[in-house]
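These notes concern the structure reproduced below.
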Amino acid sequence: MSFTLSVNGALRQVDLPGDVPLLWALRDGLAMTGTKFGCGVAACGACTVLIDGEAVRSCQVPLADATGKITTIEGLGQPGALAPVQVAWVKHQVAQCGYCQSGQIMQAAALLAQIPDPSDQDIDEAMQGNLCRCGTYPRIRAAIHEAAQMIKAG
Amino acid sequence: MASWKTITRRSFIVLGASVVGGAAFGAYKVAEVPANPLVPVPGSTPLNPWVIINADGITVIAPRAEMGQGISTTLAALVSEELDVAWEQVRVLHGPPAQAYYNAGFVERMSNEPDYQLSLRENSHNAILAAVPKIFSLQMTGGSTGAIGGFVQMRLAGAGAREALKAAAARRLGVLPETLKTEGGKVIGEQTFTYAELAAEAVSLVPDDVSLRDPSTWRYVGRAMPRLDMVAKATGTETFGIDIILPGMKFATVRMNPRRGGAMTSFDPAAALALPGVDQVVGLGNGIALIANNTWTAMQAAQLVDVQWGDADYPADTAAMMSRIEAAFTTEPDSRLRDDGDVEVELAKGDVVEAEYRIPFLAHASMEPLNATAWVKPDGAVEVWCGNQAPIMTRDAIAAALRIGSDKVTLHTPVMGGGFGGRTDPVAAVLAARIAAAMPDTPVKLTYSREEDMTQDYYRPAAIARLSGRNENGKATALWGRTAAPSATQNALSRLVGFAPPGPDRATVEGGFDQPYGLQHYRYDGHLAVLTVPLGFWRSVGNSMNAFFLESFIDELAHAAKADPLAFRLDLMRDSHAPSALLLETVRDMSDWNSLKRPGFGRGVAFCYSFGTPVAQVLEVQDTPVGIKLTRAWIACDPGLAMDPGIVEAQMTGAMIYGLSAAVQGAITFADQSVVEQNFPDYEPLRMHTTPRFEVKVLQNNGTFGHIGGVGEPGTPPAAPALANALYDLTGTRARTLPLNQLFGFTS
Ligand code: FES
Ligand code: FES
């Protein structure tokens, strides 16, 4: 079976069965490895992408249902052209191993799109599905606040 | 970016001492630099095993694996300190398996003396570096030794390269090298040359002797440097092992016998093979591998194989295992690494405080599940990509499994999505190679499901401890601790190198016997339980067990003495180790300890000296209508020389969160000889909203100058007892068993 996905503004063809989750279509089908596998059961958030602007766990979305506009970490910003949230991440030196960070950043981007100046409680609520085994939570919180200020300042 | 693959020489020569150290900052000899495993390719000239000069800067070959601890940045800073390059010109790669990258830091960790006593001794560090025994190939990342082992070696590499480049420029200009300066990747004299211009000529001019710069001139070391991997990790462009993509690659997963070590009696692949996209089911003797056109299909198909599993040779469930551990108390102690005064006489005086504690097995649960990619070439050689903490051992294990020479194995060590001690075993790399051998000339990526990663881990041992102690006039006079556990070291080393090291098992008692408490009568015993559950090294190893026992018990003694638990510790430490005592005072002041005591709140303190770094922690908890909340944490640590304070702060925080996650709800349990916990919902770490707020202070008083304590692990051991002590303060209930959610309701 072949499916057409709209990923980061481009149409991409994937030849995999329709029940294969979007996560694996991206990683194995399209060689887009920025989106990570952590649990496969919606418990860790490592696989978070945006579909039509909303943060979703790509390990839970069958390829056949991924009909919206998908944004992955690769589409958010690139080295040399970082999105504000990524600039804040670098400034606060958030990552340790970095494995969870694609998911954290996508979740944070969705939060900031919805709530431009989130409170600590907003951050707690939005980010609680994203695990970080290295324990970078304090710096993630600081980076989200910083990104909010940067976006506000334009 | 260059890959060392293109620059690796295929021969690996075993030499004697890797670096010969002299006085702390005098002239060092680099004459005995081991064989350089790097060979030049156009535009990229290795000057020694650690430094490659490229057209646009330098590439530092880091001998230690990056697992998130920031070691590659620190090692690069050490080289750059001597080599005079702008930070933007520095890149870093992990080295190939080679003797040059041997970890001297491990040698310092092989003593059975308490660390804090070693740190009081002059120059123990250099003495050890000077006499480097080669017990086995120690290109290993672990034991928080990364920065210690690199401290002299990487600066020498930078200084040697700098002098060679100056000599090349001097020759061109017909002047003495001393008249030239280096700056921003250039040699400056009458004329200015970039390093790249000089590199080829410099190769033959590396001097025998170089002197290292005075620390007062350092620009990079001692500062929080921007991590070299940060942009890649914020953009999804870092290549972890799990991200390796090769042309025509297939995707595999494994399903191994959950009764660990047991055989597989039979398997029927028919249903799995019927699934579209499945290529092969490979029998592995004690499990199966599925190869498919995507990882998910392989994982689904693995569940469809009908497998009959044989038994393991350990008890059926956790209760039976704990009985085995308990039985070890009736055996002769394996170790008595501390025996100050006369504990028995002192305890016979009566009024003895006694307690027994129990802790569970723990999994590493790194964010990146175990994985490895292998490609068996038509000539029988194999190329493997696997994030691992021990490249030489991993390479040799792959060679043995495929019955080929080590020279036929090319092993790459990509960046790891966490390790925490869980990537020491070569098993993923070996399985990937065996699976790829079933599909010659096709690269195959093996990815464990989270369930396999958790149930096929090498666990932190479960343990039981019995402690007795005595107070007089409000001060502890005696403590006798006994820890019973299966030995992680014997278990892991028998598996990894084929023999269990002789002598007392330090890891079973570290964190218990070696603490800077000036108790007049202080004895610590280790009892080894016979239990073949697969064990390994878990962040901070035995310290994570014994700090919980000792620090909970010290708290019990303090309460029995009706003393403030922080002041009680301070009393015992002030005369025995001043830098440690200062940390207790520091967390007391940071947290405003006295003000923390108020209705609805609890406070706990704990301390542990591990891997050369004492750490004191205070934790505050709050009783809320929806459960107990971890509100605030304060950490004071003293690694001696803090090479990168930003990284130290991040590691201390992360390590405490790792310890708290396990303390609150971490337990690996067994039923039917199989691990019960499968995935994060059963083995839940702390999350953003359940993590306390942190404040960290990094002091630099410990040891003599040049003492560098570890920073990746020492933040973990005090976490569990700090929390248990805070819960006691809040509720009056003393937790003697982990995890704590068995006894307390936490906010979730
Ligand atoms: S992999 Fe999707 S939530 Fe963990
Ligand atoms: S940075 Fe390692 S898991 Fe989050």
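Contact annotation for B:Met225: only backbone heavy atoms (N, CA, C, O) come within less than 4.5 Å of a heavy atom of chain A. Contacts between B:Thr447 and chain A at a heavy-atom distance below 4.5 Å involve the side chain alone, from C-beta outward. Heavy-atom distances place no part of A:Leu76 under 4.5 Å from chain B, backbone and side chain included. Looking at A:Val94, only its backbone comes within 4.5 Å of chain B, counting heavy atoms on both sides. For B:Ile245, the part lying near chain A is the side chain, with the backbone staying farther off; criterion is any non-hydrogen pair under 4.5 Å.
In this structure the side chain of A:Asp19 never reaches within 4.5 angstrom of the side chain of B:Gln300, judged on heavy atoms. Proximity of A:Arg27 to B:Lys445: side-chain heavy atoms (C-beta onward) are separated by under 4.5 Å at one or more points. Side-chain atoms of B:His689 and A:Glu125, non-hydrogen and from C-beta on, never get closer than 4.5 Å to each other. With a 4.5 Å cut-off on side-chain heavy atoms, B:Glu451 and A:Val41 count as touching. Side chains of A:Cys134 and B:Tyr658 form no contact here, defined as non-hydrogen atoms less than 4.5 Å apart. Contact annotation: the side chain of A:Tyr99 approaches that of B:Pro369 to within less than 4.5 Å [non-hydrogen atoms, C-beta and beyond]. Taking 4.5 Å as the limit, every side-chain heavy atom of A:Cys97 sits out of range of all side-chain heavy atoms of B:Met416.
Annotation for B:Leu686 and A:Tyr137: closest pair O-OH, 2.7 Å, computed over non-hydrogen atoms. When all heavy atoms of A:Gly98 and B:Phe240 are compared, the pair lying nearest together is C-CZ, 3.7 Å. Between A:Gln78 and B:Thr237, the shortest heavy-atom distance links the atoms OE1-CG2, 3.9 Å. A:Arg133 and B:Ser661 make their closest contact through NH1-CB, 4.0 Å (heavy atoms, listed as atom of the first residue, atom of the second, distance). The two residues A:Ala46 and B:Met367 have their closest heavy-atom pair at CB-CE, 4.2 Å. The shortest non-hydrogen separation linking A:Val90 to B:Ala234 is CG2-CB, 4.1 Å.
With chain A as partner, the option from B:Arg693, B:Met454, B:Glu238, B:Glu684 having the largest number of non-hydrogen pairs under 4.5 angstrom is B:Arg693. Chain A forms more heavy-atom pairs under 4.5 Å with one residue of B:Ala365, B:Ser366, B:Gly277 than with any other, namely B:Ala365. Here B:Thr235 is the residue among B:Ile657, B:Thr235, B:Ile242 with the most heavy-atom pairs under 4.5 Å with chain A. Heavy-atom pairs under 4.5 Å with chain A were tallied for B:Met249, B:Met299, B:Met230; the largest tally goes to B:Met230. Chain A forms more heavy-atom pairs under 4.5 Å with one residue of B:Arg539, B:Glu368, B:Met688 than with any other, namely B:Met688.
One N or O on the side chain of A:Asp28 and one on the backbone of B:Thr295 form a donor-acceptor pair closer than 3.5 Å. Side chain of A:Gln101 to main chain of B:Gly236: no donor-acceptor pair is present (N/O by atom type, distance under 3.5 Å, no hydrogens or angles). When atom types are taken as modelled, the side chain of B:Asn679 and the backbone of A:Cys39 share a donor-acceptor pair closer than 3.5 angstrom.
Salt bridge annotation for B:Arg687-A:Asp124: absent, with no cationic side-chain nitrogen under 4.0 angstrom from a carboxylate oxygen.
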Test side-chain contact (heavy atoms from CB on, under 4.5 Å) applied to A:Thr33 and B:Thr239, step by step: CA-CA 8 Å; A:Thr33 54; B:Thr239 305; over 6 Å; no
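In this model, a donor atom of one side chain and an acceptor atom of the other lie less than 3.5 Å apart for B:Gln651 and A:Gln96.
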